[in-house]
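Numbers here simply count residues along the sequence, with the first being 1. From a predicted model like this one, the values you see are computed outputs, not experimental measurements.
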Amino acid sequence: MRHLFLLDPLERLNPAKDTSVALMQAGQRAGLQVWVAQPSDLFSRGAGCSVHARPADLQPMPLVEGAWQVPDPWVRLGEPEALDLTAFGSVWMRKDPPVNEAYLYATHLLDLAERAGVRVINRPSALRAWNEKVGSLRFHGRMAPSLIAADVPTLKAFADEHGEVVLKPLGGRAGQGVVRTSASSPGLRALLELVTQQQQLPVLIQAFLPQVAEGDKRILLVNGEPLGAVNRRPMQGEFRSNLALGGSPEACDLTPVERELCAELAPAFQAEGLFFVGIDVIGGRLSEINVTSPTGIREVERLAAQPLADQVIARLLTDLGAG
């Protein structure tokens with residue numbers, strides 16, 4: 001059975017850290033034929049959707065003394081072929097943000113494949129609807145106080161109410177562009193003008209949670225069920241805990257509050273075709289819902305000795321069999 005992964009160019013991926021690589025390797029271990037392409041390789045004639053894709057042969061990467069041993073080359077690619085997406089058992093849309101025009105058009109093409117019966121992960125309509133900052137507000141009662149606005153006086157009033165705040169661009173990823181500030185900062189109004197592009201672009205502002213010093217927990221859910229988690233502790237002098245910004249991963253378990261949160265989120269994920277999701281939780285409060293290309297599998301596998309990627313693929317194959 002062929003399974004397709006739509007990705008950024010392979011040379012940009014770090015196989016020792018990349019969740020997509022872990023999933024592809026797990027698919028290969030499960031006996032699947034792994035194929036790769038970029039979203040720009042999609043095309044359509046008529047009502048269907050096709051792709052110029054290449055078969056991928058991923059090499060084993062053993063974990064030795066806490067480090068993944070990456071062979072060179074770590075993947076060998078076959079010749080490209082033009083295939084209808086109905087030739088694949090599933091299509092993983094794992095292109096990293098930004099969610100720009102090209103990304104959105106790719107999801108429209110994937111809609112055609114889904115209507116033809118192809119399993120697309122995550123569902124294209126959900127990728128469009130669930131902005132990773134705005135989507136979290138569906139569960140605002142589980143979050144720190146939050147506001148999305150472009151109006152500087154409105155944002156300033158929120159900061160005045162809560163004191164320490166965090167500003168997040170709605171299209172950001174991996175902590176990029178996230179700023180911590182306070183109502184007492186003399187440059188706050190100028191900062192708000194800057195991040196909103198003179199009150200034209202909305203941003204997310206949240207009350208700062210000091211518990212982030214103890215870590216920001218990434219919980220990975222498959223079809224609404226939490227399968228693994230990793231705590232990410234910020235580096236000295238930094239409040240952002242993203243691993244790409246120097247955060248340190250550590251093994252962790254889920255608290256009862258976090259399990260309750262996952263149970264509350266699960267029906268929405270299941271109903272809208274969000275099969276593989278990563279949520280971020282600080283001090284028991286929901287921070288973000290990551291649906292485009294959630295990461296964290298490598299860290300869970302390394303720290304918890306849990307074959308998480310294999311478990312994800314096994315759940316998918318069970319779902320496909322049931323369908």
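For the residue pair Pro39 and Ala106, the shortest heavy atom distance occurs at CB-CB, 3.9 Å. For Gly27 against Val34, the heavy-atom pair with the smallest separation is C-CG2, 4.4 Å. The minimum heavy-atom distance between His162 and Pro145, with the atom names listed, is CE1-CB, 3.4 Å. Here the closest non-hydrogen pair linking Leu4 and Leu85 is CD2-CD2, 3.7 Å. Taking both residues in full, the closest heavy atoms of Pro294 and Leu220 are given as CB-CD2, 4.2 Å, listed atom of the first, atom of the second, then distance. Val118 and Phe88 make their closest contact through CG1-O, 4.5 Å (heavy atoms, listed as atom of the first residue, atom of the second, distance).
Note that CD1 of Ile297 and CZ of Arg302 are 14.5 Å apart. Values are rounded to the nearest 0.5 Å. The OG atom of Ser90 sits 8.0 Å away from the CG atom of Leu317 when rounded to the nearest 0.5 Å. Atom-to-atom distance recorded for Thr181:OG1 and Leu155:CG is 11.5 Å, nearest 0.5 angstrom. Put simply, CG on Leu192 and CG on Leu167 are 6.0 Å apart, with the number rounded to the nearest 0.5 Å. Taken to the nearest 0.5 Å, the CG atom of Leu23 stands 5.5 Å off from the CZ atom of Phe5. Going from atom CG of Leu316 over to atom CG of Leu32 covers 8.0 Å, rounded to the nearest 0.5 Å.
In summary, Arg128 and Asp111 engage in a salt bridge, as defined by a charged side-chain N under 4.0 Å from a carboxylate O. By the 4.0 Å N-to-carboxylate-O rule, Arg119 lies close enough to Asp319 to be salt-bridged with it. Salt-bridge annotation for Asp96 and Arg12: absent, with no side-chain N of the basic residue lying under 4.0 Å from a carboxylate O of the acidic one. One finds a salt bridge joining Glu225 and Arg315 here, because a Lys/Arg side-chain nitrogen approaches an Asp/Glu carboxylate oxygen to under 4.0 Å.
No chain of hydrophobic side-chain contacts below 4.5 Å, direct or via other Ile, Leu, Val, Met, Phe, Trp or Tyr residues, connects Leu201 to Leu191. Taken together through direct or relayed side-chain contacts under 4.5 Å among Ile, Leu, Val, Met, Phe, Trp and Tyr, Met143 and Val257 form parts of separate hydrophobic clusters. No single ILVMFWY cluster, assembled from side-chain heavy atoms under 4.5 Å apart, contains both Ile205 and Leu194. Taken together through direct or relayed side-chain contacts under 4.5 Å among Ile, Leu, Val, Met, Phe, Trp and Tyr, Val312 and Met1 form part of one hydrophobic cluster. With hydrophobic clusters built from ILVMFWY side chains whose heavy atoms lie under 4.5 angstrom apart, Val230 shares a cluster with Leu63.
A donor-acceptor contact shorter than 3.5 Å links the side chain of Thr107 to the backbone of Leu104. Side-chain atoms of Gln306 come within 3.5 Å of backbone atoms of Leu227 as a donor-acceptor pair (strictly under, hydrogens ignored). Gln197 places no side-chain N or O within donor-acceptor distance of the main-chain N or O of Val195, the cut-off being under 3.5 Å. Side chain of Asn100 to backbone of Tyr103: a donor-acceptor contact under 3.5 angstrom is found. The backbone N or O of Ala144 lies less than 3.5 Å from a partner atom in the side chain of Ser146, making a donor-acceptor pair. Judged by distance alone, the side chain of Asn290 and the main-chain N or O of Gly278 form a donor-acceptor pair under 3.5 Å. Between the side chain of Arg218 and the backbone N or O of Gly296, no donor-acceptor pair lies under 3.5 Å. The main-chain N or O of Gln200 is never found under 3.5 Å from a side-chain atom of Thr196 such that the two would form a donor-acceptor pair. Using modelled atom types, one side-chain atom of Glu301 and one backbone atom of Ala309 make a donor-acceptor pair closer than 3.5 Å. Without hydrogens or angle criteria, Asn122 side chain to Val291 main chain gives a donor-acceptor distance under 3.5 Å.
Residues Thr19 and Phe276 form a side-chain contact, since some pair of their non-hydrogen atoms from C-beta on lies under 4.5 Å apart. For the pair Pro9 and Gln38, the minimum side-chain heavy-atom distance is below 4.5 Å. Considering only heavy atoms from C-beta on, Ser50 stays 4.5 Å or farther from Arg45 through its side chain. Contact of the Val91 side chain with the Trp35 side chain is not registered, since no non-hydrogen atoms from C-beta on lie closer than 4.5 Å. Contact of the Cys49 side chain with the Arg115 side chain is not registered, since no non-hydrogen atoms from C-beta on lie closer than 4.5 Å. Side-chain contact between Leu261 and Val281 is present, with at least one heavy-atom pair separated by less than 4.5 Å. Looking at Arg2 and Leu83, their side chains come closer than 4.5 Å, going by heavy atoms from C-beta outward. Side-chain atoms of Leu221 and Ile279, non-hydrogen and from C-beta on, do get closer than 4.5 Å to each other.
Ring planes of Trp130 and Phe269: perpendicular class, angle over 60° (limits at 30 and 60°).
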- Message: Determine whether Arg29 and Ile313 satisfy the following criterion, side-chain contact (heavy atoms from CB on, under 4.5 Å), listing intermediate values before the conclusion.
- Response: CA-CA 10 Å; Arg29 287 192 294 269; Ile313 295 298; over 6 Å; no
- Could you check Met24 against Gln28 for side-chain contact (heavy atoms from CB on, under 4.5 Å), going step by step and ending with a plain yes or no? CA-CA 6 Å; Met24 291 191 291; Gln28 190 169 283; over 6 Å; no
- Could you please spell out the steps behind the side-chain contact (heavy atoms from CB on, under 4.5 Å) verdict for Arg232 and Asp280? CA-CA 10 Å; Arg232 302 165 298 175; Asp280 296 339; 3.0 Å; yes
- Verdict with supporting geometry, Glu272 and Arg123, salt bridge (Lys or Arg N to Asp or Glu O under 4.0 Å): CA-CA 7 Å; Glu272 300 196 33; Arg123 182 176 293 164; over 6 Å; no
- Message: Is there a side-chain contact (heavy atoms from CB on, under 4.5 Å) between Asp8 and Lys95? Walk through the geometry before answering.
- Response: CA-CA 5 Å; Asp8 290 294; Lys95 170 73 174 66; 3.0 Å; yes
- Message: Between Glu288 and Lys168, is the salt bridge (Lys or Arg N to Asp or Glu O under 4.0 Å) condition met? List the steps.
- Response: CA-CA 11 Å; Glu288 293 183 16; Lys168 298 180 179 180; 3.6 Å; yes
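Of the options Val203, Leu204, Val99, a side-chain contact (heavy atoms from CB on, under 4.5 Å) to Leu170 is made by Leu204 and by none of the others.
Summarising the local packing, NE2 of His108 is surrounded by more than 12 heavy atoms from other residues, nucleotides or ligands at distances under 6.0 Å. Environment of OH in Tyr105: sparse, with no more than 12 heavy atoms of neighbouring residues, nucleotides or ligands closer than 6.0 Å. A 6.0 Å sphere centred on CD of Glu65 holds no more than 12 heavy atoms belonging to other residues, nucleotides or ligands.
Both cation-pi conditions hold for Arg180 and Phe208: the charged atom is under 6.0 angstrom from the six-membered ring centre and inside a 45 degree cone around its axis. By the 6.0 Å and 45° rule, Arg298 stacks over the aromatic ring of Trp68.
Using modelled atom types, one finds no donor on one side chain facing an acceptor on the other under 3.5 Å when comparing Arg285 with Gln211.
Applying the salt bridge (Lys or Arg N to Asp or Glu O under 4.0 Å) rule to Asp160 yields the partners Lys156; only residues at least two apart in sequence or on another chain are considered.
Judged as a side-chain hydrogen bond (donor to acceptor under 3.5 Å, both in side chains), the pairs with a partner in residues 250-265 (not counting sequence neighbours) are, in order, Arg142-Glu264, Lys217-Glu258, Asn231-Glu250, Arg233-Glu250, Thr255-Glu258.
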